[in-house]
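Below, read A as the first sequence line, B as the second, and so on, with proteins coming before strands; counting in each chain starts at 1.
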Amino acid sequence: MKRYETLHDRLHEWYRRHGRHDLPWRRTRDPYRIYLSEIMLQQTRVETVLERYWGPFLERFPTLSSVAAATEGEVLKAWEGLGYYNRARYLHRTARLCDGALPRSAAELEKLPGIGRSTAHAIACFAFDEPLPILDANVRRILHRFFALDEATPSRLWEAAGELFDAGRPYDYNQAMMDLGAMVCTPKAPECSACPLREGCAGREDPQRYPRPRKRPGIPVRKRQILVLRRGDALGLVRNEGRFLGGMWSFPQRIEAPRSGRKIGKVRRTYSHFRIEGSVWEVKELPDEKLRFFTPAECESLAMSALDRDVLKLVKKEMQ
DNA sequence: CATCCGTGGAC
DNA sequence: TGTCCAAGGAT
């Protein structure tokens, strides 16, 4: 596509000068590390991954084989605090499916659990130089503005992504677009005057108009009773099944308050689509529950959600 | 196509 | 405090 040659040149020059070249996953071609970064960064801020997860996780799991050799629980533990824990379970499944090495094409990568089209393209491009565009939140916002799209289907956005794509320098193009979206073409106050694509941008007169903001339904509040059963120094926990916090250990929850027990505090937490307001009770008995008992020290090696970590903190205060 | 799936920072 | 949102994918 000759049409965007000048804009591509400006984009690359902007990226050379302002890009985040020090990001650790840009300083490696190790497919596993690139893959891990793409999974960690799904719906997660760069700063969070950079500061709290990248180093510790790689120290514990330096290779794809080391992930495959671990239990799911161990991988979840290393993922603790990052959220969207299905990512960690898919990572574990993928590691076991791959037997040491990731496939080298986007088509094969996309067949693996937890890897969709955009992530497959990202890994294939960044690790194996396959010339394919990505379509993350940054690129999507740029495309909405560049082509003045109020709203667009995924199909239309992929088409737009392919149109603006620079197949001649796929690695730098994709990285540059993500940086541009994160640093210049931002959601709230885009700096169009600093944008290397401004001359071709159909939306630059009113960038805030694109994309049209999605109506967010209010999230419901779920009131829950959180039950703490002690057996000596040990606490009764259950392992979540299903997709919500699947594989993570939690204090049991009920809708109804216990008939007897002592209230020791409150916790609240907002998830992606609901909020929990929990009353924490110390109870003496808890029928019909598949409990396993762990001391607070043993809990440190279990994968627990942020809410259950808050509950555990309350309980430890009570036990002193 | 709509809904589900966490967390914490910015404002 | 409430709201938005950040390198998406599975169902």
Please list, by residue number, the residues of residues 128-139 of chain A whose heavy atoms come closer than 4.0 Å to an atom of DNA chain B; answer none if no residue qualifies. none
For atom [atom1] of [X] and atom [atom2] of [N], their distance in whole Å:
X      : N     : atom1 : atom2 : value
A:L76  : B:dC5 : CG    : P     : 15 Å
A:R87  : C:dG8 : CZ    : P     : 9 Å
A:E51  : C:dA6 : CD    : P     : 17 Å
A:H121 : C:dG9 : NE2   : P     : 10 Å
A:R269 : B:dT7 : CZ    : C1'   : 7 Å
A:D179 : C:dA6 : CG    : C1'   : 14 Å
A:Y84  : C:dG8 : OH    : C1'   : 9 Å
A:N240 : B:dC4 : CG    : P     : 17 Å

Ignoring hydrogens and angles, does a donor from either the side chain of [X] or the base of [N] sit under 3.5 Å from an acceptor on the other?
X      : N     : value
A:T44  : B:dG6 : yes
A:R45  : C:dC5 : yes
A:Y271 : B:dG6 : no

Could you check which of [options] has an atom nearest any side-chain atom of [X]?
X      : options              : result
A:T153 : B:dG6, C:dG2, B:dC1  : B:dC1
A:R52  : B:dG8, C:dG8, B:dC5  : B:dG8
A:Y90  : C:dG2, C:dA7, C:dT11 : C:dT11
A:L23  : C:dG8, C:dA7, B:dG8  : C:dA7
A:R141 : C:dA6, C:dA10, B:dG8 : C:dA6

Between A:S305 and A:N240, does a side-chain contact (heavy atoms from CB on, under 4.5 Å) hold up when you go through it step by step? CA-CA 11 Å; A:S305 75; A:N240 298 302; over 6 Å; no
Checking all strands, does [X] fall into the base, sugar-phosphate, or nothing category for heavy-atom contacts under 4.0 angstrom?
X      : answer
A:A306 : sugar-phosphate
A:P213 : nothing
A:G81  : sugar-phosphate
A:S305 : sugar-phosphate
A:R243 : sugar-phosphate
A:W25  : base
A:F244 : sugar-phosphate
A:T119 : sugar-phosphate
A:I115 : sugar-phosphate
A:V46  : base

Pick one: which of A:L197, A:D9, A:V184 meets side chain to side chain contact (heavy atoms under 4.5 Å, CB included) with A:W14? A:V184
Could you check A:L229, A:V315, A:V311 and say which one makes a side chain to side chain contact (heavy atoms under 4.5 Å, CB included) with A:L235? A:V315
Determine the Euclidean distance between corresponding [atom1] atoms of [M] and [N]; express it in Å to zero decimal places.
N     : M     : atom1 : answer
B:dC1 : C:dG8 : C1'   : 16 Å
B:dG8 : C:dG9 : P     : 23 Å
B:dC5 : C:dA7 : P     : 23 Å

Hey, which of these two, A:P154 or A:F274, hits DNA chain B nearer its 5' end, going by closest nucleotide? A:P154
Does [X] put a side-chain nitrogen or oxygen below 4.0 Å from OP1 or OP2 of [N]?
X      : N     : answer
A:Y85  : B:dT7 : yes
A:H273 : B:dC5 : yes
A:Q43  : C:dG8 : yes

Assess, by modelled atom type and distance only, whether the side chains of A:R16 and A:H12 contain a donor and an acceptor separated by less than 3.5 Å. no
Residue pair A:G181/A:R268 against DNA chain C: nearer the 5' end by closest nucleotide is A:R268
On DNA chain C, does the nearest nucleotide to A:K188 precede the nearest nucleotide to A:L41 from the 5' side, or the other way round? Give the residue. A:K188
Members of residues 91-113 of chain A that approach DNA chain C, where some heavy atom sits under 4.0 Å away: A:L112, A:P113
Exam field: side chain [X] to backbone [Y], donor-acceptor pair closer than 3.5 Å:
X      : Y      : answer
A:H144 : A:R209 : no
A:E130 : A:A106 : yes
A:R87  : A:G114 : no

Under 4.5 Å between any side-chain heavy atoms of A:L91 and A:W79, yes or no? yes
Side-chain contact, heavy-atom cut-off 4.5 Å: A:M178 with A:L41? no
For A:N86 versus A:R243, what's the shortest heavy-atom pair and its separation? ND2-O, 3.5 Å
Over all atoms of both residues, closest heavy-atom pair of A:P170 and A:A167: CD-O, 3.4 Å
Contacts satisfying ring pair (Phe, Tyr, Trp, His ring centres under 6.0 Å) that involve residues 213-250 of chain A (not counting sequence neighbours) are A:F244-A:Y271, A:F244-A:F274, A:W249-A:F294
Of A:R222, A:R269, A:K223, the one forming a salt bridge (charged side-chain N to carboxylate O under 4.0 Å, His left out) with A:E277 is A:K223
